[in-house]
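The structure appears below as structure tokens.
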Amino acid sequence: MDAFFASVEVLRRPELRGRPVVVGGDGPRGVVAAASYEARAYGIFSAMPSTRARRQCPDAVFVHGDHAHYSAVSGRIMALLRNVTPLVEPLSLDEAFCDVTGVLHAHDDDVAALGAELRRRIRDAEGLECAVGVGPSKFVAKLASKRAKPRIGRPGRGPGPGIGVLVVTAADQQAFLDGLDVSEIWGVGPATLARLADIGVRTIRELKAVPRAVLERRFGPANGAHLHALAHGVDPRPVVPDRSPKSVGHEETYVRDLVATSEIGTEVLRLADATAARLREHRLEGRTVQLKVRFADFTTITRSRTLAEPTASSRDLADAAARLIGDVDVTRGVRLLGVTAANLVAATADRQLTLDVDRTGPWHDTEQVVDDVRARFGPDAIAPAALLADGAIDVRRRGDQQWGRSDRSSETPRS
């Protein structure tokens, strides 16, 4: 999708059309989640600190974002893709791989026409634009979709139109790859880029000329083989639909550093409660609880605890996370906290009997009632008493404050 979050906001608020729109936190510790093409013209990109984005474009309109709405729109778009082929592998809310090999015969074997048809269906149904890249592998298709996108224009002039659909055949894929920078290869970050530059490699064509043995000696067997294969366009990974999640969690960056242990404990409970609610919603349980802490100096640590039995209980996750944070020295101030459940399994009633009555008795029944109340009246209808703040329940929904809290109300965009 083209600038997905920003485009959805412009669709909901037509008065923002043509303006530099930034989705993310607008507070001093906010982060850019997405930027419209008008904002990208000023050098604004995702993961940029919001303070820097505002310096680069003082006229930018900041919208705090609505993850639940983006998820709903994404779900409808993925359904449109599945109407064409059942082999759809979502990568994120705004991107997916589709294997159309088995359905091309129904489209006169014209993959470019099928790509254009997909774009039309999404535009007609959702009013949103997207780019389609076609290739013989995931790697090539991904790069082709990037080349099909609109061009970032000059500030104040808007983006240039993209071609929309780019088809790279097996016969011309190497010529397509050779002209690209090695930074386009998955897994090539700044460190690898610098080490490749040390041996005179800046393009995929130059990388292709390096023997595999040399790459394996320099980058290790796995990474060297990965670089060699992709430089030659070799990517045998299939499209895998319905991939199971590996973890479920929530994290938050705070406007000010947290130093009080009581306040930090409340935040850990809030994050654990939100994580457990999502586990139960998706009928999953986690065996491992992970805690992430980022301090005021940006030092980040993680701690984990493996439970005797997998769980989706708010109490279990909160207890484990509380023990983990209890062993951490927080006196230097906490900038970010995260609680994640990992080693997931499908929830089942077939659990080994335990002397802990809370797992199968009254507490389990209480959490079921909590879920029922939230499903009917909203996620902030009921929560642990510790989450009552200023006369209102403060819980975390998926996507809330993940880009940093705002110092101002996020109900309306600010410019």
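All values reported here derive from a predicted model rather than from experimental measurement. We use all heavy atoms of the structure for the numbers below, so side chains are in, but hydrogens, waters and symmetry mates are not.
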Just to verify, what does D110 make a side chain to side chain donor-acceptor pair (under 3.5 Å) with, not counting sequence neighbours? none

Restricting to side chain to side chain donor-acceptor pair (under 3.5 Å), what partner residues turn up for R280, sequence neighbours left out? S314, D371

Heavy-atom closest contact (G156 atom, Y42 atom, distance): N-OH, 3.9 Å

Residues at least two apart in sequence or cross-chain that pass side chain to side chain donor-acceptor pair (under 3.5 Å) with E117, listed by chain then number, are R120, R121

To check you understand the geometry: which heavy-atom pair defines the closest contact between D257 and G333, and what is its length? CB-CA, 4.1 Å

What verdict does the salt bridge (Lys or Arg N to Asp or Glu O under 4.0 Å) test give for E252 and R335, after you've listed the backbone C-alpha separation in whole Å, the side-chain angles of each residue and the deciding distance to 0.1 Å? CA-CA 9 Å; E252 179 170 346; R335 179 186 179 92; over 6 Å; no

What's the shortest heavy-atom distance between A312 and L279, and which atoms? CB-CB, 3.9 Å

Just by modelled atom types, is the G179 backbone N or O under 3.5 Å from a matching donor or acceptor in the T203 side chain? no

Residues passing the side-chain contact (heavy atoms from CB on, under 4.5 Å) test with T299, sequence neighbours excluded, are F295, D297, R332

Please name the residue in the list T253, T302, T300 that meets the side-chain hydrogen bond (donor to acceptor under 3.5 Å, both in side chains) test with R294. T300

Dump the intermediate steps for side-chain contact (heavy atoms from CB on, under 4.5 Å) on L336 and Y254, then the final yes or no. CA-CA 6 Å; L336 174 147; Y254 299 98; 5.6 Å; no

For residues 41-51, which residue pairs pass the salt bridge (Lys or Arg N to Asp or Glu O under 4.0 Å) check, not counting sequence neighbours? none

Partner set under side chain to side chain donor-acceptor pair (under 3.5 Å) for N343, not counting sequence neighbours: T288

Could you list all the salt bridge (Lys or Arg N to Asp or Glu O under 4.0 Å) pairs where at least one residue sits in residues 169-194, not counting sequence neighbours? K146-E184, R147-E184, D178-K208

A322: side-chain contact (heavy atoms from CB on, under 4.5 Å) partners, not counting sequence neighbours: none

Across all chains, not counting sequence neighbours, the salt bridge (charged side-chain N to carboxylate O under 4.0 Å, His left out) partners of R303 are none

Salt-bridge present (E309, R287; N to O < 4.0 Å): no

For residues 1-12, which residue pairs qualify under salt bridge (Lys or Arg N to Asp or Glu O under 4.0 Å), counting only residues two or more places apart or in two chains? D2-K149, E9-R12, E9-R13, R12-D66

Could you tell me whether a side-chain N or O of S50 sits under 3.5 Å from a main-chain N or O of V31, the two making a donor and an acceptor? yes

Checking salt bridge (Lys or Arg N to Asp or Glu O under 4.0 Å) for the pair R270/E267: CA distance, chi angles, key distance, verdict? CA-CA 5 Å; R270 195 188 322 278; E267 289 303 313; 2.8 Å; yes

Look at the aromatic rings of Y70 and F5 and report parallel, tilted or perpendicular, splitting at 30° and 60°. parallel

Salt bridge or not for E263 and R256, using N-O below 4.0 Å? yes

My understanding is that only residues two or more places apart in sequence, or in another chain, count here; which of them pass side-chain contact (heavy atoms from CB on, under 4.5 Å) with D94? M1, F4, S92

Within the distance-only criterion (no hydrogens, no angle test), does the side chain of T266 pair as donor or acceptor with the backbone N or O of S262 below 3.5 angstrom? yes

Output yes when R19 and E38 qualify as a salt bridge under the 4.0 Å nitrogen-oxygen rule, no when they do not. no

Report yes or no: does R119 contribute a side-chain atom to a donor-acceptor pair with the main-chain N or O of A131 at less than 3.5 Å? no

Worked check of side-chain contact (heavy atoms from CB on, under 4.5 Å) between I301 and V328: CA-CA 9 Å; I301 65 170; V328 176; 3.8 Å; yes

Closest heavy-atom contact between R305 and A320? CD-CB, 4.0 Å

Between Q290 (side chain) and G249 (backbone), is there a donor-acceptor pair under 3.5 Å? no

Taking NZ in K142 as the centre, count heavy atoms belonging to other residues, nucleotides or ligands within less than 6.0 Å. Is the count above 12? no

side-chain contact (heavy atoms from CB on, under 4.5 Å) involving L80 - partner list, sequence neighbours excluded: N83, I122, A125

Closest non-hydrogen contact found for S137 with G233 is OG-O, 4.4 Å

Between S36 and V21 (side chain of the first, backbone of the second, donor and acceptor by atom type, cut-off under 3.5 Å), is there such a pair? yes

